[in-house]
Structures are given as C-alpha cells and as structure tokens.
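Report on the following structure.
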There are 2 protein chains.
Amino acid sequence: MLLLMARDQTRAKVHAAALLLALDANGAGPLTMEGIAARAGVSKQTVYRSWPSTGAVLFDALLARSADESGRVVVPNSGDLSSDLLALATGMIGELKDPLEEALLRALTADLQSDAVLAAQYRELLLGPQLSAISTRLSEAGVPASGDVAELFVGPIFYRWLLRTRPFDSEWVSAHVERIIRSIGR
Amino acid sequence: MLLLMARDQTRAKVHAAALLLALDANGAGPLTMEGIAARAGVSKQTVYRSWPSTGAVLFDALLARSADESGRVVVPNSGDLSSDLLALATGMIGELKDPLEEALLRALTADLQSDAVLAAQYRELLLGPQLSAISTRLSEAGVPASGDVAELFVGPIFYRWLLRTRPFDSEWVSAHVERIIRSIGR
DNA sequence: AGCTAACGAGACGGAGCGTCCAGTTTGGAG
DNA sequence: CTCCAAACTGGACGCTCCGTCTCGTTAGCT
C-alpha cells in the first residue's frame, strides 16, 4: 500500500471521495472500489494502482489526516494525572464525535473485521502508539501495570463508541477518569 | 427475521453451515448467502426465505445456541463480589476462546458494522441483557453507577478480544478484577 | 522538446446479489 | 387415507462489484 508514485492531487481526491462516501453511506451499504473511483472522478485503475482494497484507502486517508494535524500521539503531561486523563478522554471523545472522523473510523472498523493484514497494520501504526503513549504517561506517574491500565482507560470508551450502548456526556467522562484513578490504588 | 415457518431441520442445517463457513473462513473472505446455501445443501431460495442477510443467519444461529445451553445470562452471586467477577470474567473469556464461538462472533461483528438494524437487535437481545445482569449484581452489592462499572468491566475484555492487542491469561484476569474492585472505592 | 510515469476510458470473465418461476416433496388436518 | 398448503429444489434473470487487461492520452521533469 501507499505507493508513492501516486500524484499527490490524485491521492487527495481519492481520500476525499472515500471520506464522503463513508459519510453518507453511514451504516448502510459498504464502500466499493468502483464507487470510490467514480466519486473521485478517477479511473478504477488509478485506485487499484495505489490501494488493494477499500480498507487500505480508508487507512491511508486516516494516516494522511493525522499526519496533517499533529503527526504524533500526544498525551498531556501537566503533572496532575487526573486532569491529564480527563483532557485526554475529552479529546478522544471529541474526535469520535466529529461526523467525518466517526464515519471514517466506522467504515475502517468494518473492513478490519475481514482483513487480517490491514488489522495488523492498524494495531501497529495507530492503536499501538496510542496505547503506549498513554502507558508511558501512566508509567511516569508511577502507575504499575501501566499497559493494562491504559487498556482499562481506552477499552470502555471504545466499547461505548463501537456498540453505541449510550452516548458520551461530560459527567460520564469525569466519572470514568475517577474510576481509573481509584483503580490504580491512589 | 426468524420466520417460524422454516422447518427445524432446515434451520439447523443452515445454522451449521454458517458456523462451519465462519470457522474456516476465519479472517479471510466474508460469508456469502450462496456459500451458506451450498454448504448447507439447500436452495438459495430457502435461505432467503428465512433470513435477509448473512448477519441475520449468524445472529439467529447465536440465539439458537445460547437458548440451547442456558437461556439466560447468569451472573454468579456467592456474596463475594470479587470472586464472582473473577468467575464471570473467566467464563466470558472461555467462551471467547472457543474456536467455534469465536469464529461466529467475529463474523457477526463484521456484519454488524454495516447493518444498523442488526446492530440494534444485537444490542437489545444480547449486549443489553448481559450488561444489565452484571449491573444488577453490582447494584445488589451496593455499587453506585453500576451500569458504568459494568461497562468498565466488560469494555477492556471486549477491546482485547476484538483488537487482538494481547491474548488473555489468568494473571491479567485477576488483575483486571482487582482494578475493578478498587475503582468502586472499596 | 521529449521521455516516462501516471492517468482515463472501457472491456473482460467471474462471483455474488436478490428475485422470480415452475415443479416437487412433506407434514398435518379433516 | 386423502388432499391442501407450506416448505423446498433447481435453475434462470439482470444487476453490481470485483480485479485485471489494453490502448491511447496527459502531465511532470530534465
């Protein structure tokens, strides 16, 4: 994936088309390569030249977006763990609530379920860094088993988002952070 | 879904076919209605008569299985919350590790991502009861915000399983339960 | 100006979709 | 036992999307 021969403009067009399609296909039908090509005003061949599947397009689009805005996973470090976790959770949830980001992630998640290779890349390039950034922050605060605590922190957020059990609100977020803090025995 | 006209034998054959296909297609290609029909030795028409999609077949198969074995979500209640949660988590993880159950759930999860109706049914008929059973057990033990704590308990297990970040082992399970207990401020 | 990569247009065989039909089996009620 | 209705078979249908191929055109770089 991610052949660099693709003209930047073409790549951007394909990314945008995939995002828009994911946005208004939300929860309905799945993305198709032909649909992406048509929406991007681009030959099917051009899409296949650079990406093997719709999931790969989405993944690449996601990488391009995060590289644009920040580049790296940033976990706040003010010295106060509690307020840092609150800021982190609020930020994550804010991203998940952004319609475009949400559509992108849901469409990508759908593709991950039937593409083991893509799932592995997703873990290595996105999930892993995110988890280990949180884990590092926790570790610096002297939290034991910081990797597990990072999952305890992220897991329920992911669970709520993916399964849509209930919407996020600010009371829940702060209560969640309080539970995390208590769980580490402070 | 779940038209009762279907002959029991036919229904069983289709369920079995879907399970077997999910089992050895694991992570590779997606299930197809034609594949299920062929594997079940049944006309395509027969499958479409009773289920509108592969996800519906899987969901129905899952319901049939859980109705066979237990019927209801059972959360142990020995009076000792900690050991009950440990038993519960161990049981859940045991199910997730069973190859057939795992293949079924993963295939179903894949379909849920692009079928909003099915996802809603899944939440109402399976996730909801599971969460509220745990929540009730917690509530009886005097835990406040028991619904949120139930998600704190289930979320990381789901996260680990779905994203395959790391395998489950017994040390992690007991540490997880300990963190949950501490998080409720006991 | 000219070379080369990237691209556009469109065709291809194949798989799966979802629906239709006409004929056969099967189970139960009378 | 008979017979009727429901369930099932087998196959065909037009369609969308897949993934690959070819050929001719465009666009960037030197």
Side-chain angles (χ1 to χ4, degrees), chain A residues 1-18 20-22 24-25 27-61 64 107-108 110-118, chain B residues 1-18 20-22 24-25 27-61 64 107-108 110-118:
Chain A
M1 157 181 16
L2 196 130
L3 302 186
L4 295 179
M5 329 171 182
R7 292 287 197 284
D8 287 352
Q9 189 187 357
T10 303
R11 233 181 121 210
K13 277 198 292 184
V14 173
H15 285 169
L20 292 177
L21 281 179
D24 55 48
L31 291 183
T32 67
M33 292 293 261
E34 290 195 332
I36 291 174
R39 180 74 169 239
V42 138
S43 169
K44 207 168 40 149
Q45 186 73 281
T46 299
V47 183
Y48 275 105
R49 188 177 2 254
S50 300
W51 302 275
S53 65
T54 59
V57 175
L58 290 168
F59 185 59
D60 199 32
L108 179 57
D111 282 338
L112 289 183
Q113 303 308 316
S114 52
D115 185 334
V117 175
L118 195 62
Chain B
M1 155 182 15
L2 194 130
L3 302 186
L4 295 180
M5 329 171 183
R7 293 288 195 286
D8 288 352
Q9 189 188 355
T10 304
R11 227 176 128 217
K13 276 199 292 186
V14 172
H15 285 169
L20 291 178
L21 281 178
D24 56 49
L31 290 183
T32 68
M33 293 294 262
E34 291 197 331
I36 291 174
R39 179 74 169 239
V42 139
S43 168
K44 205 168 43 149
Q45 186 73 278
T46 298
V47 182
Y48 275 105
R49 181 170 18 245
S50 301
W51 301 277
S53 65
T54 58
V57 176
L58 290 168
F59 186 58
D60 198 31
L108 180 56
D111 283 336
L112 290 183
Q113 304 307 316
S114 52
D115 185 335
V117 175
L118 196 62

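By convention in this document, chain letters (A, B, ...) are assigned in the order of the sequence lines, proteins followed by strands, and residues within each chain are numbered from 1. Side chains are part of it too, since the values below use all heavy atoms of this structure and drop only hydrogens, waters and symmetry mates.
- Every residue was checked against the side-chain hydrogen bond (donor to acceptor under 3.5 Å, both in side chains) condition with B/D115, not counting sequence neighbours, and none meets it.
- Following rounding to the nearest Å, A/D111 (CG) and D/dC17 (P) show an atom-to-atom distance of 15 Å.
- B/A110 approaches A/Q113 most closely through the heavy-atom pair CB-CB, 3.3 Å.
- Rounded to whole Å, the distance from CG on A/D115 to P on D/dC18 is 14 Å.
- To the nearest 0.5 Å, the span separating CG on B/L108 from CG on B/L112 amounts to 4.5 Å.
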Below 3.5 Å, can you tabulate the donor-acceptor pairs from side chains in residues 39-48 of chain B to any protein atom, sequence neighbours excluded?
from  : atom 1 : to    : atom 2 : distance (Å)
B/S43 : OG     : B/Q45 : N      : 3.2
B/K44 : NZ     : B/E34 : OE2    : 3.0
B/T46 : OG1    : B/R49 : NH2    : 3.3

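- A pairwise comparison of heavy atoms in B/T54 and B/M33 identifies N-SD, 3.6 Å as the closest pair.
- Separating the CD1 atom in A/I36 from the CG atom in A/L31 is a distance of 5.0 Å, to the nearest 0.5 Å.
- The CH2 atom of A/W51 sits 15 Å away from the P atom of D/dG19 (whole-angstrom rounding).
- The two residues B/A18 and B/V57 make their nearest non-hydrogen contact at CB-CG1, 3.7 Å.
- Using a 4.0 Å cutoff on non-hydrogen atoms, the parts of residues 34-42 of chain A near DNA chain D are A/E34, ordered by number.
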Hey, what are the protein-to-nucleotides 12-14 of chain C N/O distances that come in under 3.5 Å?
none

Base versus backbone protein contacts along nucleotides 21-30 of chain D [heavy-atom cut-off under 4.0 Å; B, S, -]:
BB-----S--

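- When rounded to the nearest whole Å, the span between CZ of B/R49 and C1' of C/dG18 equals 14 Å.
- The A/T32 side chain lies nearest to D/dC18 when the options are C/dG18, D/dC18, C/dC7.
- Between the CE atom of A/M33 and the P atom of D/dG19 there is a distance of 7 Å, given to the nearest Å.
- Applying the 4.0 Å criterion to OP1 and OP2 of D/dG11, one finds that B/S43 has every side-chain N and O outside that range.
- Distance, B/D8 CG to D/dA6 P: 18 Å, rounded to whole Å.
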